[in-house]
Amino acid sequence: MEEHVNPKLYRIRHSLAHVLAQAVQLKFPKAQLGFGPPTEQGFFYDFDFSDTTFTEADLKELEKMMKKIIAQSHAFEYSEFDYEGAVNFLSAGRSEPYKLENLNNLHARGVTKFTFYKSGNFIDVCEGPHVEKTSQLPADAFKLDRVAGAYWLGDEKNKMLTRIYALAFETREQLDDFIKRRKLAEEYDHKKLGKELEIYHYEDIIGKGLPLWMPNGTVIRDEIQKYAVEMEFRYGYKRVATPNIAKGELYLRSQHLPAYKESMFPPMIIEEDDNKKTEYYLKPMNCPHHHLIYSARKRSYRELPLRLAEYGTCYRYEQSGEVSGLIRVRCMTMNDAHIYLREAQFPEEFDSLLKMYQEFYTTFGLTEYRFRLSVRGEENADKFKGDADMWSKGEKLLEEALIRAKLPYYVGVGEAAFYGPKIDIQFRNLMGREETVSTIQVDFLSPQNFELAYTDEQGQDQLPIIIHRAPLSTHERFISYLIEYYGGAFPTWAAPVQIVAIPVMEACRDHARALVAELHARMVRAEVDDSDNTLNKKIRTHSMRKIPMQLIIGQKEMDEGLVTIRRYGIQEQVTMPRDEFIAMLLKEISDRTMLRAAMGSLI
């Protein structure tokens, strides 16, 4: 169980999984058990129903049976065996081949102690923990949700089992709130809205995970990037640009090839002028290229911190089954920068980074996030390159910075990058799931690998340290998050179309066109709807497009030099002088004002 998991809720979900398995075996005596772990929203359990047909129609009856079992107040009784005793105990009861196979697999990996939990007549191999008795389970705070297929042990060569998913919380109110959130999340799913709002598009002929950005999506990308470039200029960054491919030799030096090759596209073999064959790779990360820009000439301590920034496009070979919408893609453009500095400069630079990040979050209206200190772990220890002292120093630097800033955080063991520890800023989506959006990483390894140096006050060469930072993630991940958080309704400054002028009658069309032309001249993305549709249909159409403002132009507006403004999501219309409106609009855009709560913040 992870440190930040609610222990009480974990026990409830784990215990309910046992109650489900007990109910299934009462209704389907021949059903055999797979795994039944807690999940982020509840739990699931895998079953082999053999020749028996199981459908979602059976879920309601199983729910009733589970509530009866809960009311019977069975105690969860713990027992423990060595391997031989566990095999004998498991074999003495009903046939459970999947449980026995798992027990043998664990024993082969060196596990010597096996625990079981019994409640009523039901027994399961299980580490726990559980509630003390079933009557402590909230009978009105769970719901059997859906049925899916799942290969045993996740291997498609094995038998397909039936997986029953369930939702489970501490109270009925929490369950109802989650179901409400999920409905909203389905409505605002970025894959759904991305298509409806013409933000991005996929074509098989191009390939999985390689999105085509439509004009609307490109506007959003450009506006976010423009904002980031302005912000970085104010914070002292210098912009660079790097190629999308490089020789394999570069990624050997950076250690991406030995540590990250499975996530890289395969090499392109190029025959050079000397008839030698050279491997080239699509760029998986920007950092090696930036290190070479740093080392292009001798650096002085007076230049540090040196901040190199790029919205660089990278390519990573995500597995086919993991590619999803814009969240997991194979081509991404990253809000990337690398800061080269002396170790003594780290505290001040970190504070400056936090200020920048919080300024970004305020502009975008983002509030649901927390900090994870991602460190190395003992499991897969060879993944983390460099010596232990280097890692300890980096982890200490980041932890002290979080403590100094009085930021609450939790530790993610094994979540570090291969070259160093990092702080991940974890954002919650509408479903409450956490996604890494922003990062701050400290790197002592790359200066060694690339022999980076600066000349100190005494004329001696010293190694800098490097901060890798990406406050706005990649365009793909960040925009996917914003689509769902905003419900597709972007603030005026970032909206693909900012204004639609709607003439009430034909006599108003020229006036509407002239207004739109004036707005265009002021770099406002404006359109005129001079179609023959009724006024109500025009308003509905542009509301579905989530246009921030519709301007209703009638005879009164023409005669008196007015505009009537209908904002997205706001029922009341406002009428004001035309010039006053234009001044207000331009200020709203230049200030990047958020005038309405993001949909993701409403619940």
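Because the structure is a prediction, the values reported are computed rather than measured.
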Given the options H256, Q441, Q255, Y419 meets side-chain hydrogen bond (donor to acceptor under 3.5 Å, both in side chains) only with Q441
Establish, yes or no, whether the cationic atom of R299 lies under 6.0 Å from the six-membered ring centre of Y294 and within 45° of the ring axis.
-> yes
Taking only Lys NZ, Arg NE, NH1 and NH2, and the carboxylate oxygens of Asp or Glu, determine whether K180 and D177 approach each other closer than 4.0 Å.
-> no
When you measure from the centre of the six-membered ring of Y315, is the NZ or CZ of R330 under 6.0 Å away and within 45° of the axis?
-> no
Salt bridge R181-E368, side-chain N to carboxylate O under 4.0 Å | no
Steps toward side-chain contact (heavy atoms from CB on, under 4.5 Å) verdict (L398, F346) | CA-CA 9 Å; L398 291 177; F346 180 85; 3.8 Å; yes
For R316 and E476, what are the C-alpha separation, side-chain angles and deciding distance, and is it a salt bridge (charged side-chain N to carboxylate O under 4.0 Å, His left out)?
-> CA-CA 13 Å; R316 299 176 188 172; E476 290 71 20; over 6 Å; no
Does a salt bridge link R372 with E434, judged by any charged N lying under 4.0 Å from a carboxylate O?
-> no
Partner of Y200 under side-chain contact (heavy atoms from CB on, under 4.5 Å), picked from K195, H475, H190, is H190
R307/E349 ion pair, N-O < 4.0 Å = yes
Thinking salt bridges, do R509 and D532 make one under a 4.0 Å N-O criterion?
-> yes
Quick one: sort the Y260 and F418 rings into parallel, tilted or perpendicular, breaks at 30° and 60°.
-> tilted
Rounded distance (nearest 0.5 Å) linking atom CE of M214 with atom CG of L197 = 11.0 Å
Checking E359, K355, E230 against Y235 for side-chain hydrogen bond (donor to acceptor under 3.5 Å, both in side chains), the one that qualifies is E359
Distance from E435 atom CD to Y481 atom OH, nearest 0.5 Å?
-> 7.5 Å
Is a side-chain donor-acceptor pair under 3.5 Å present for R370 with Q426?
-> no
Looking at Y361 versus F427, is the centre-to-centre ring distance below 6.0 Å?
-> yes
So F478 and F364, ring-ring contact (aromatic ring centres under 6.0 Å, His included) or not? Walk me through it.
-> CA-CA 11 Å; F478 192 59; F364 287 104; 5.0 Å; yes
Are a donor atom and an acceptor atom from the side chains of Y568 and H542 found within less than 3.5 Å of each other?
-> no
When you check the side-chain N and O atoms of S374 and D424, is any donor under 3.5 Å from an acceptor?
-> yes
Geometric class of the W493/Y227 ring pair [parallel <30°, tilted 30-60°, perpendicular >60°] = perpendicular
Please say which of M584, Q573, E572 ends up in a side-chain contact (heavy atoms from CB on, under 4.5 Å) with I565.
-> M584
Between the side chains of D529 and Q550, is a donor N or O closer than 3.5 angstrom to an acceptor N or O?
-> no
Less than 4.0 Å between a side-chain N and a carboxylate O, is that true for E196 and K192?
-> yes
By side chain to side chain contact (heavy atoms under 4.5 Å, CB included), which residues pair with L212, not counting sequence neighbours?
-> H201, E203, I206
Check ion pair E303-R297 (N to O, under 4.0 angstrom) = yes
Separation between CD of E173 and CG of D176, rounded to the nearest 0.5 Å = 7.0 Å
Heavy-atom pair with the smallest gap, counting every atom of P548 and F490 | CG-O, 3.9 Å
